[in-house]
J.: 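Mind looking over this structure? Questions follow.
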There are 2 protein chains.
Amino acid sequence: MRKRLSDTVEDYLKMIYKLSADTERVGTGQIAEALEVSPASVTDMFQRLANENPPLLDYIKHQGVKLTNEGRKIALEILRHHRLLELFLHEVLGYSWDQVHAEADRLEHVISEKFEERVAVVLGDPQRGLHGEPIPNRNLEMPDHPTSYLHDMRPEQRGVIHSVSDDDPGFLRFLKTQGLVPGAEFSVVDFSPYDNNLRLQVNGQDQEIVLGASVTAQLKVEIKNAS
Amino acid sequence: MRKRLSDTVEDYLKMIYKLSADTERVGTGQIAEALEVSPASVTDMFQRLANENPPLLDYIKHQGVKLTNEGRKIALEILRHHRLLELFLHEVLGYSWDQVHAEADRLEHVISEKFEERVAVVLGDPQRGLHGEPIPNRNLEMPDHPTSYLHDMRPEQRGVIHSVSDDDPGFLRFLKTQGLVPGAEFSVVDFSPYDNNLRLQVNGQDQEIVLGASVTAQLKVEIKNAS
DNA sequence: ACAATAATTTAGATTAGTCTAAAATATAAT
DNA sequence: ATTATATTTTAGACTAATCTAAATTATTGT
Ligand SMILES: [Mn+2]
Ligand SMILES: [Mn+2]
Ligand SMILES: [Mn+2]
Ligand SMILES: [Mn+2]
C-alpha cells in the first residue's frame with residue numbers, strides 16, 4: 001500500500017512525466033507555466049517531493065527534476081486512469097471526444113484500483129485511448145509508440161495520425177471536422193518555410209487542408225516508409 | 001453556478017442532513033463523533049458555514065445547527081450522487097453491494113452534473129438506491145419514504161425491509177446471508193424486553209432469526225397494516 | 001570578462017482544515 | 001441553589017498548497 005498522495009502531487013508528477021518526453025530534466029518554469037502556478041510554488045513542491053521517502057523526484061538546484069522510478073510509477077498510474085476513464089466516459093456514458101478530458105482529469109485521482117480494473121475489463125483491455133494515446137498496461141509499462149510530430153514532416157512523406165492533444169474541446173472539434181482523428185492517413189503535399197504551414201491531403205477528405213504550426217505541433221504521427 | 005465547495009464541506013452538510021432525520025438541531029458532538037474529528041474542529045466548521053454567503057447553516061451557540069435551504073440543496077445533491085453511483089457501480093461495473101459505498105463516498109464529490117445525468121439515464125432514473133434508500137430526484141426533492149425502524153416493531157406486526165445502513169461491508173454481507181434485503185417481507189414473532197432482541201420470520205427463509213438492537217436499529221421498515 | 005537579463009530560490013504571509021489544552025457554558029445531581 | 005460533570009467554544013499551533021517580493025544564481029551579449 002503506497003501512501004495516499006494529494007491530487008496536487010499527482011498532477012505535478014503527471015505533468016513532469018509528460019514534459020520529460022522532450023527533455024531529460026524538467027525545469028521550474030516549465031511546470032509553473034503548465035500547471036498555472038507561480039515558480040516559487042514549483043520550487044517548493046520539487047523540494048518536498050525530492051525529500052519524500054522514498055523520493056519521487058531527483059532534484060538538482062537550478063537544473064530541474066527527473067522522475068525517480070517511484071515517481072514514474074505514480075505518473076503512469078494516473079495516466080492509465082485518465083486514459084481508461086476517457087474511453088469509458090465515451091463508450092459507456094456517451095460523452096463526445098471533446099468532453100471527456102475535463103471529467104477524467106478530476107476522476108483520475110479518486111478511483112480505486114478496483115474501479116480501474118473493472119473499467120479496463122468492460123472496455124476489453126484497450127491499448128490506446130480515445131485520442132490515440134498509448135495506455136500503460138496493468139504493470140504500468142508504457143507500450144511502444146511513435147514520437148514524431150506532424151510538425152516535422154515534409155512534402156512527399158505519408159503518415160498516419162497517431163494521437164492528438166486532448167485538453168482543448170474547441171481544438172478537438174476542429175480536428176474532427178478536418179478528419180484529423182487517430183488512424184487517419186494523409187500525405188504532405190506542401191511546406192511553407194516561413195510560417196511552417198503544412199498542406200495535407202487526408203485520405204477520404206476531398207479538400208486539401210493547410211495547417212499552422214500551432215496545430216501540427218499537437219499531432220503525433222506514425223511516418224510511413226516510402227514503398 | 002454555485003461556488004465550488006470542498007469535499008470536507010460537502011461531507012459535513014451530508015452528515016448534518018442525515019442526522020437531521022432524528023433531531024431538529026444537530027449538535028457539535030454528534031458530528032464530531034460521526035465524522036471522527038474533534039469537537040473543536042466541528043465548532044470551527046459550523047461557524048464558517050454559518051458565515052458563508054449565502055449561509056449554509058443556521059448555527060446557535062451551544063445548541064447546534066440546522067441546514068438552510070442552500071445547505072440542504074447541497075446535501076441532497078451529494079446524496080443523489082452517492083446513491084446513483086452505488087447503483088451504477090453495482091449494475092455497470094459489477095461491484096457487490098458491500099463494496100460500493102466506499103468508492104461512492106469519494107466519487108460523489110468529483111462527478112459533474114453531466115456525469116450524474118448520464119448515469120441516471122443509463123440506470124433508468126431509479127428512485128431507490130442499492131440499499132433501498134430513496135434517491136432525490138433531478139430537482140433535489142426527496143421522495144416520500146418510511147421513517148420507522150425495525151427496532152421499534154413488536155410481535156404480530158408484519159413489515160417489509162425498506163433500506164439498510166450501508167457503510168459497513170461486513171454488516172451488509174451478514175444481512176444478505178439472513179435475507180434481510182430491501183423488499184424482504186417478515187413478521188415479528190417475539191420480543192425480549194431486557195436486550196431488545198427481536199425474533200423474526202423472514203419470508204422465504206426456513207429458520208427464524210434473532211436480531212439484537214445494534215442490528216434492528218440499522219434497518220428501516222415499512223410497517224404493513226394488519227389486514 | 002563583465003554587465004545585463006532571465007530563471008530560480010528563499011523569505012514571509014495566507015487559507016482551509018485539523019489538532020490539543022484551556023476557558024466558558026449548559027446540564028444534572030444532590 | 002450550589003456543586004459537579006459533560007459539552008461546547010476559544011486560543012494557539014500545525015501542515016499542505018499557494019502567493020508576492022526580494023535575494024540569489026545562471027545565461028547571454030558585447
Ligand atoms: Mn485527457
Ligand atoms: Mn490504478
Ligand atoms: Mn452509501
Ligand atoms: Mn449533481
J.: Does A:W97 have its ring centroid less than 6.0 Å away from the ring centroid of A:H131?
T.: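 Yes.
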
J.: How close or far is atom C1' of D:dT18 from atom CD1 of A:I31, stated in whole angstroms?
T.: 16 Å

J.: Would you call A:D105 and A:K14 a salt bridge, using N to O less than 4.0 angstrom?
T.: yes

J.: According to a strict under-4.0 Å criterion, is B:K61 in side-chain N/O contact with OP1 or OP2 of D:dT10?
T.: yes

J.: Hey, does the side chain of A:S38 come within less than 4.0 Å of D:dC19's phosphate (OP1/OP2), counting only N and O?
T.: yes

J.: D:dA26 P sits how many Å from A:Q63 CD, rounded?
T.: 8 Å

J.: Are A:R83 and A:E108 close enough for a salt bridge, meaning some N to O gap below 4.0 Å?
T.: no

J.: How many whole angstroms separate atom CG of A:L35 from atom P of D:dC19?
T.: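 Result: 10 Å.
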
J.: Whole angstroms only, please: what is the CG-P distance between B:D11 and C:dG17?
T.: 11 Å

J.: Report the C-alpha separation of B:E103 and B:F88 in whole Å, then their side-chain angles, then the decisive distance to 0.1 Å, and conclude whether the side-chain contact (heavy atoms from CB on, under 4.5 Å) test is met.
T.: CA-CA 11 Å; B:E103 189 93 46; B:F88 182 76; over 6 Å; no

J.: In whole Å, what is the span from the CD atom of A:Q30 to the P atom of C:dT9?
T.: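 One finds 13 Å between P of C:dT9 and CD of A:Q30, rounded.
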
J.: Does the distance from a Lys or Arg side-chain N to an Asp or Glu carboxylate O, for B:R25 and B:D58, drop under 4.0 Å?
T.: yes

J.: Count the heavy atoms belonging to other residues, nucleotides or ligands that lie under 6.0 Å from CD of B:Q47, then report whether that count exceeds 12.
T.: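 Yes, the 6.0 Å shell around CD holds more than 12 heavy atoms from other groups.
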
J.: Hey, can you pull the residues of residues 41-55 of chain B with a non-hydrogen atom under 4.0 angstrom from DNA chain D?
T.: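 By residue number: B:T43, B:Q47.
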
J.: Can you measure A:I60 atom CD1 to C:dT9 atom P for me and round it to whole angstrom units?
T.: 11 Å

J.: In whole angstrom, give the distance that lies between atom CD of B:E33 and atom P of D:dT8.
T.: 11 Å

J.: Please determine whether a side-chain nitrogen or oxygen atom of A:Y12 lies at a distance below 4.0 Å from atom OP1 or OP2 of D:dA16.
T.: no

J.: Could you tell me if A:H162 and A:E222 have a donor-acceptor pair between their side chains, going purely by distance under 3.5 Å?
T.: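 No, because no side-chain N or O of A:E222 sits under 3.5 Å from a partner of the opposite role on A:H162.
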
J.: Just checking A:T28: base, sugar-phosphate only, or nothing, at a heavy-atom cut-off of under 4.0 Å?
T.: sugar-phosphate

J.: Can you tell me how far C1' of D:dT25 sits from NE2 of A:H62, to the nearest Å?
T.: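 Between C1' of D:dT25 and NE2 of A:H62: 4 Å.
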
J.: May I ask you to verify if any side-chain N or O of A:Y59 is less than 4.0 angstrom from the OP1 or OP2 atom of C:dT8?
T.: no

